Number of protein chains: 2
Amino acid sequence: MTRRTGRDGSSAAPRSVDVARLAGVSQKTVSRVFNDEPYVSDAVRRRVLEAAEELGYRRNNAARALASGRTRSIGVVTLGTALFGPASLLMGIERAVRDTGYALRVVNTVEGDPDGIWGAVDSLLDQGVDGIVISEPIDEPGDGGNQRDLSVAVPVLVLGAPPPFDAATVLAAGGGADLMARAATEHLLGLGHATVHHLAGPQRWYAARDRLDGWRAALAAHGRHEPPVIEGDWSAASGFAAGRVLAADPEVTAVFAANDDMAIGLIRALTEAGRRVPQDVSVVGFDDVPVAAYVTPPLTTVRQPFDAVAQEGLKRLVHAIENPQADPLPASVPAVDLIVRASTAPPPNRVQSGLTTGGAKQ
Amino acid sequence: MTRRTGRDGSSAAPRSVDVARLAGVSQKTVSRVFNDEPYVSDAVRRRVLEAAEELGYRRNNAARALASGRTRSIGVVTLGTALFGPASLLMGIERAVRDTGYALRVVNTVEGDPDGIWGAVDSLLDQGVDGIVISEPIDEPGDGGNQRDLSVAVPVLVLGAPPPFDAATVLAAGGGADLMARAATEHLLGLGHATVHHLAGPQRWYAARDRLDGWRAALAAHGRHEPPVIEGDWSAASGFAAGRVLAADPEVTAVFAANDDMAIGLIRALTEAGRRVPQDVSVVGFDDVPVAAYVTPPLTTVRQPFDAVAQEGLKRLVHAIENPQADPLPASVPAVDLIVRASTAPPPNRVQSGLTTGGAKQ
DNA sequence: GTGAAAGCGCTAACAG
DNA sequence: CTGTTAGCGCTTTCAC
């Protein structure tokens, strides 16, 4: 038996011709069987499959990609962090990609990376992906000139942000964070707080700006005074630092933090300063991290529909890949999912102590 | 100018021959330049690079892979969860892979997935990767027969577990969790606790078993009584449930939880039951999640060196890929990094209340 | 230092 | 329903 061998003597991987020979058909027929093409009799199909099985045949993807011009893979650009939001989105994307039959290639961007998103997209393009997902982008520090004239010929899906650039097709998904932030703020207002402070995320992140916008919109809609914003960096440590400042201000009775980690740090600082949560100060987080229900006090927060967003976004991306000429599928706005736990309550009624009774509303 | 065009009229991507023509050299020379091969004069090199730049040339990876038999990519099998450990490891792997110049393909396994790791490895093999990383594996439910005779010809790196199978080359990295667990337990013992309870992770995970082993070893080494183990599922919710049980037992003065989330849930349950942490019960976690320092009380825990483990593992994997015949590089044992915060203290000295004074130490 | 020729293993037309 | 003929854009081998 003539068997091709590698230079180290190991037998080389079987090719479709080998299968064809063994099955007594043409190579093209093997190809047909493996691509689930019609017009192959069941008998032949079975024979081919058996031969393939016997040889341990596996299609060569490089050859497939070269011949067809498609790699059947989707690239994703993520932040190189294990932060709950980005990590959850990545998992959601992986799950969604698998359902589509594409393979997933991942590139991280590192905060402060000179090349940033562009470098990542470039490397994905080098790898030859059929579509790109950009997850939770942040702005470039030196905006503008940095954005080299990358010509992106494949469809791009941007998650959680407005499309940052021009490409053949740009899809956006996962908006609605502003609405969620607004709901969080209104929950606090509804409890009777005169206004709500905001512990924002780093403003270079679209996600952080969205939440800030939602908070602002809620205050504006209710004609409330907008206190100065404190900016954190998503970490519990930054929440703690902010909490020290906020604790010193007796006017503060309600805070909306842009994520749960900061909310947790914030609560710790308030507690250490002798301001009880929620009796003295109410706190709302964002994300609904797994421990949110078990910290002290259990955190009122907003849950983000990462999986749904990823799934819908990918469906639309794959549609754009496979139907380049067709109109893109429409996006939907995710539902708001506010989870009320024990970190929020009506404000202490000290302001009304001079009055007769203690009505809480407004 | 004759320009190849796609069927939609868009001009097709330039190939190396196009660059060669423009630069007035042979196609092979272009190839040489892009592969940084020697024996190309500087003048020619420059000319080629300029031509490539002008055309916007980008190497076709599929063709490269087909011709060379190498895809220059590494596949990683991860758990489909945003749990801090797995997610951190994945990020570490991405970073490490990028440094090696390989591309990253990601496949998740879903808990309870019938195909499990094998399906994931299979799909990676289909994609044609040069090496595989299996991160934090868990056992298959139906062990044994499930492990189909996949012939894995590429090197495999298993992170955080003993190699679960036979392949051309199998490397292990990221062990030492048992030592870390042992250190955590001994910290508690050193504080004077008579024994230490263990809130274990799901025992299908190697990581959980490692930690259990370390705890057990510590107790044995000090001749302490080994209380029954409670098993959680890594979640704060399961920690909370365990905490309710543990809180009812006055014998419990120290608990080592297999991860921080469970420790946080546990603390909440203890607190709700009126058992103060750390005055009545000490708790140690595992992972050092970002919020660990800011929960109440700040958590004593063990920090895992995800990045270092990923980096070292990948260096060894790449070595195995590129030097198939050579001996694998040796693994090192990561250092133990116990972070002592406020959730641990000497035991309450109720047992000594009958005695004269209340010395704490052992 | 450089180039010519020959595939890598598959898919894409088209022909029967 | 099945087979034939050409490439896809590179790397490889060997020649100059």
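Treat the numbers as computed from the prediction; the structure is a model and nothing was measured. Only this structure's heavy atoms are used, side chains among them; waters, hydrogens and symmetry mates stay out. A, B, ... follow the sequence lines: proteins, then strands. Residue 1 opens every chain.
In this structure, the side-chain contact (heavy atoms from CB on, under 4.5 Å) partners of Ser88(B), at least two apart in sequence or on a different chain, are Ala82(A), Phe84(B), Phe306(B). Every side-chain contact (heavy atoms from CB on, under 4.5 Å) that Asn60(B) has, sequence neighbours left out, goes to Leu66(A), Ala62(B), Ala63(B). By the salt bridge (Lys or Arg N to Asp or Glu O under 4.0 Å) test, Asp126(B) pairs with Arg58(A), sequence neighbours left out. Shown here are the salt bridge (Lys or Arg N to Asp or Glu O under 4.0 Å) partners of Arg72(B), two or more places apart in sequence or in another chain: there are none. The salt bridge (Lys or Arg N to Asp or Glu O under 4.0 Å) check on Arg95(B) picks up Asp307(B), with sequence neighbours excluded. Take Ser332(B) and apply the side-chain contact (heavy atoms from CB on, under 4.5 Å) test, not counting sequence neighbours, and it matches Glu312(B).
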Under 3.5 Å, N/O pairs linking protein and nucleotides 14-16 of chain C:
none

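Here Ser68(B) does not reach the OP1 or OP2 of dT11(D): none of its side-chain N or O atoms lies under 4.0 Å away. Using a 4.0 Å cut-off, some side-chain N or O of Arg15(A) falls inside it from OP1 or OP2 of dG9(C). Neither OP1 nor OP2 of dC10(D) sits under 4.0 Å from any side-chain N or O of Ser31(B).
Atom NZ in Lys28(B) sits about 9 Å away from atom C1' in dC10(D), given to the nearest Å. Atom CD of Gln27(B) is separated from atom C1' of dA5(C) by 11 Å (rounded to the nearest Å). Atom CG of Asp126(B) is separated from atom P of dG9(C) by 16 Å (rounded to the nearest Å). Here dG7(D) presents its C1' atom at 9 Å from CG of Leu66(A), a figure rounded to the nearest Å. Rounding to whole angstrom units, CZ of residue Arg70(A) and P of dG9(C) are separated by 22 Å. If you take CG of Asn61(B) and C1' of dG9(D), they are 11 Å apart, rounded to a whole angstrom. Distance CZ (Arg64(A)) to P (dT11(C)): 5 Å, rounded to an integer number of Å. Distance CG (Asn60(A)) to C1' (dC8(D)): 13 Å, rounded to an integer number of Å.
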May I have the list of side-chain donor-acceptor pairs in residues 39-57 of chain B shorter than 3.5 Å, sequence neighbours left out?
unit_1, atom_1, unit_2, atom_2, d
Ser41(B), OG, Val44(B), N, 3.3
Arg45(B), NH2, Glu37(B), O, 3.2
Arg47(B), NH1, Ala23(B), O, 2.6

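Nearest nucleotide to the side chain of Thr29(B), out of dG3(D), dG3(C), dC8(C): dG3(C). Minimum atom distance to the side chain of Ala67(B) is reached by dC10(D), of the listed dC10(D), dC8(D), dC10(C).
For the segment residues 33-53 of chain B, residues with any heavy atom less than 4.0 angstrom from an atom of DNA chain D are, sorted by number, Asn35(B).
A 4.5 Å side-chain heavy-atom check between Thr78(B) and Val133(B) finds every atom pair outside the cut-off.
A donor-acceptor pair under 3.5 Å links the side-chain atoms of Asp18(B) to the main chain of Arg15(B), judged by distance alone.
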